[in-house]
Amino acid sequence: MKKILSVLLALTMVLALAACGGSSAPAATEAAAPAATEAAAPAATEAAAPAEEAGSTITVGFAQVGHESDWRTANTKNYQEVFSADNGYDLVFVDCDNDNAVQIEAVRTSIQQGVDYIILAPIQSAGWESVLQEAKDAGIPVIVADRQVDADASMYDAFIGTDCEVEGELAGKWLAEYLNGAEANILVIEGSVGSSAAIGRTDGFNAIAAEHPEWTILDSQSGDFTQTGGQEVMESFIKSYNGKFNVVVCQNDNEAYGAMDAMDAAGITYGVDGDVIIISYDATHDGLKYTLEGKINCNVECNPIQAAYVDTIIKQMEAGEEFATYTLVEDQAFVAPGIESAYATTMTQEVLDGRAY
């Protein structure tokens, strides 16, 4: 199916999406999906070959979460580089600014415009059945990316992303190893409410915490995956629990930056030489820089370099070939210098310099 959008339809798309801004899987969804294909992260950095022969363009509508974090910025840049005109694509990109209603309408508009493929990075995991059915009825393949949806796998064509529940488990296993039986009084700054990333990391970490009666989760609140949110939640925590906590778990790097700002202002020390252990997720460049400096004890990766995998799936669909319906992008964890771990890589300047994001 090849459709070349007319100028009139393009204008319609612009008007329809004017409301959009310039920000792991629930067990039922994962169980319904076919066996995962493990995808090594380095493969995603390879340059994508042109999607089609000269003169033919594949139109892809991409409903992105927004721009709430450094991770999301890297993820968006990766898609824009891979799904370029030079590679045979017309990318209709929509930054939905963390607004679930806007994102649903963005997908509906892509369906109305008759794009060739839809990429969906869902803000929330629930509520996608109707619009996925609309895409199915229109014969438009949907690839769910990064986060997962609470819908049967038959409602979309493929998923590619990371397993956030495993990320949560990894953070918990590292903490158990690091504490070696010592007590933990834990504060958690969660991600956006309703997102599969927040749900998965919470469920995974809590599963490990349940195995450790010497751990107490004092409180858990959403920082919405933003630095401002992380700072505001941490300021509130400090008022309620000052002197009572020794672990802060932030569900992304930007929240960790905000939490560090709040603790700096309150005179609370953290990191390798401090009184509070910090665990973060995403492993962005700045997050790993703080890990190298010993300010973040452990940083669990969520790899944003995913677009080349989606490009491969689309090429296979175009050629009528079999394709992976469920692909996990490889993750790892990193710890500050001086920490030895069976679960994580010790950060060095060489490791930081070799990162692609």
Side-chain angles (χ1 to χ4, degrees), residues 23-30 36 65 68-72 74-75 98 121-126 144-150 159-178 184 186-212 215 217-227 229-230 233-234 237 247-259 277-284 287-288 291 296-304 306 328-335 343-344:
S23 172
S24 358
T29 301
E30 190 164 325
V65 169
E68 80 287 356
S69 64
D70 294 348
W71 188 99
R72 191 65 52 187
N75 183 245
N98 223 22
I123 295 168
Q124 296 184 7
S125 59
V144 178
D146 172 33
R147 302 175 180 179
Q148 296 196 1
V149 294
D150 287 339
F159 165 79
I160 181 163
T162 61
D163 190 328
C164 291
E165 187 166 346
V166 170
E167 293 168 5
E169 291 172 354
L170 180 56
K173 289 176 180 177
W174 172 82
L175 183 61
E177 175 193 53
Y178 187 69
I186 305 167
L187 295 170
V188 181
I189 304 178
E190 297 182 19
S192 300
V193 174
S195 70
S196 65
I199 293 168
R201 289 170 187 169
T202 299
D203 289 349
F205 185 83
N206 287 351
I208 303 301
E211 300 173 0
H212 294 274
W215 295 7
I217 297 179
L218 299 172
D219 209 337
S220 185
Q221 297 180 24
S222 172
D224 210 25
F225 285 134
T226 67
Q227 183 166 342
V233 171
M234 195 66 230
F237 281 164
V247 178
V248 175
V249 179
C250 302
Q251 289 190 347
N252 81 339
D253 283 340
N254 288 81
E255 289 178 340
Y257 308 154
I277 297 165
I278 294 185
I279 297 173
S280 185
Y281 296 83
D282 280 1
T284 59
L288 291 181
T291 305
I296 293 174
N297 298 72
C298 178
N299 204 326
V300 180
E301 182 182 44
C302 179
N303 196 327
Q306 303 177 3
L328 291 179
V329 180
E330 225 172 54
D331 285 332
Q332 57 184 314
F334 301 89
V335 289
Y343 298 103

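The figures here come from the full heavy-atom set of this structure, side chains too, leaving out hydrogens, waters and symmetry mates.
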Checklist entry - Can you list the residues that meet the ring pair (Phe, Tyr, Trp, His ring centres under 6.0 Å) rule with F159, with sequence neighbours excluded? => result Y326
Checklist outcome for this item: For E167 and E301 the tightest heavy-atom approach is OE2-O, 3.5 Å
Checklist entry - How many angstroms lie between CG in L328 and CG in N303, if you round to the nearest 0.5 Å? => result 12.0 Å
Item to check | Gap between atom CD of E211 and atom CG of N206 - 0.5 Å precision | outcome: 11.5 Å
Checklist entry - Can any side-chain N or O of T162 pair as donor or acceptor with the backbone N or O of C164 at less than 3.5 Å? => result no
Checklist entry - Do the side chain of N299 and the main chain of F334 share a donor and acceptor less than 3.5 angstrom apart? => result no
Checklist outcome for this item: Taken in chain and number order and not counting sequence neighbours, the residues that satisfy salt bridge (Lys or Arg N to Asp or Glu O under 4.0 Å) with D253 are none
Checklist entry - If only atom types and distance count, is the side chain of E165 paired as donor or acceptor with the main-chain N or O of G204 below 3.5 Å? => result no
Checklist entry - So, do V65 and R147 sit near enough that their side-chain heavy atoms are less than 4.5 Å apart? => result yes
Item to check | By side chain to side chain contact (heavy atoms under 4.5 Å, CB included) - contacts of Q124 (at least two apart) | outcome: N100
Checklist outcome for this item: Between Q306 and A145, the two heavy atoms sitting closest are OE1-C, 4.5 Å
Item to check | Residue pair L187, M234: steps toward the side-chain contact (heavy atoms from CB on, under 4.5 Å) verdict | outcome: CA-CA 9 Å; L187 295 170; M234 195 66 230; 4.1 Å; yes
Checklist entry - In Å and rounded to the nearest 0.5 Å, what is the CZ to CG distance from R72 to D146? => result 4.5 Å
Checklist entry - Got a donor-acceptor contact below 3.5 angstrom from the Y257 side chain to the G287 backbone? => result yes
Checklist entry - In chain order, what residues pass the side chain to side chain donor-acceptor pair (under 3.5 Å) check against T202, with sequence neighbours excluded? => result Q251
Item to check | Side chain to side chain, I186 and V249, heavy atoms closer than 4.5 Å | outcome: yes
Next on the checklist: For the CZ atom of R201 and the CD atom of E190, what is their distance to the nearest 0.5 Å?
Outcome noted: 11.5 Å
Ignoring hydrogens and angles, write down the donor-acceptor pairs under 3.5 Å from the side chains of residues 168-178, residues two or more places apart or on other chains.
from : atom 1 : to   : atom 2 : distance (Å)
E177 : OE1    : S341 : OG     : 2.6
E177 : OE2    : A342 : N      : 2.8

Next on the checklist: For a 4.5 angstrom cut-off between non-hydrogen side-chain atoms, does V335 reach Y343?
Outcome noted: no
Checklist entry - Where is the tightest heavy-atom contact between S195 and F225, given as atom of each residue plus distance? => result OG-CE1, 3.6 Å
Next on the checklist: Given I189, which partner from the list S220, S222, C250 fulfils the side chain to side chain contact (heavy atoms under 4.5 Å, CB included) test?
Outcome noted: C250
Next on the checklist: Measuring from atom CG of D282 to atom OG of S69, what distance do you get when rounded to the nearest 0.5 angstrom?
Outcome noted: 6.0 Å
Checklist entry - With sequence neighbours excluded, what pairs up with F237 under the ring pair (Phe, Tyr, Trp, His ring centres under 6.0 Å) test? => result none
Item to check | For I217 against A209, the heavy-atom pair lying closest together | outcome: CD1-CB, 4.2 Å
Checklist entry - Under 3.5 Å, is there a donor-acceptor pair between the S196 and Q148 side chains? => result no
Checklist outcome for this item: Correct closest heavy-atom pair for N98 and S192 would be ND2-OG, 3.7 Å
Checklist entry - Where is the tightest heavy-atom contact between A283 and L288, given as atom of each residue plus distance? => result O-CD1, 3.7 Å
Next on the checklist: Using the rule given for side-chain contact (heavy atoms from CB on, under 4.5 Å), can you reason through I279 versus N297, listing the C-alpha separation, both sets of side-chain angles and the distance that settles it, and then say yes or no?
Outcome noted: CA-CA 6 Å; I279 297 173; N297 298 72; 5.7 Å; no
Next on the checklist: Go through it in stages, so that I can follow the logic: the residues are N254 and T226, the test is side-chain contact (heavy atoms from CB on, under 4.5 Å), and I'd like the CA-CA distance, side-chain angles, deciding distance and then a yes or no.
Outcome noted: CA-CA 5 Å; N254 288 81; T226 67; 5.7 Å; no
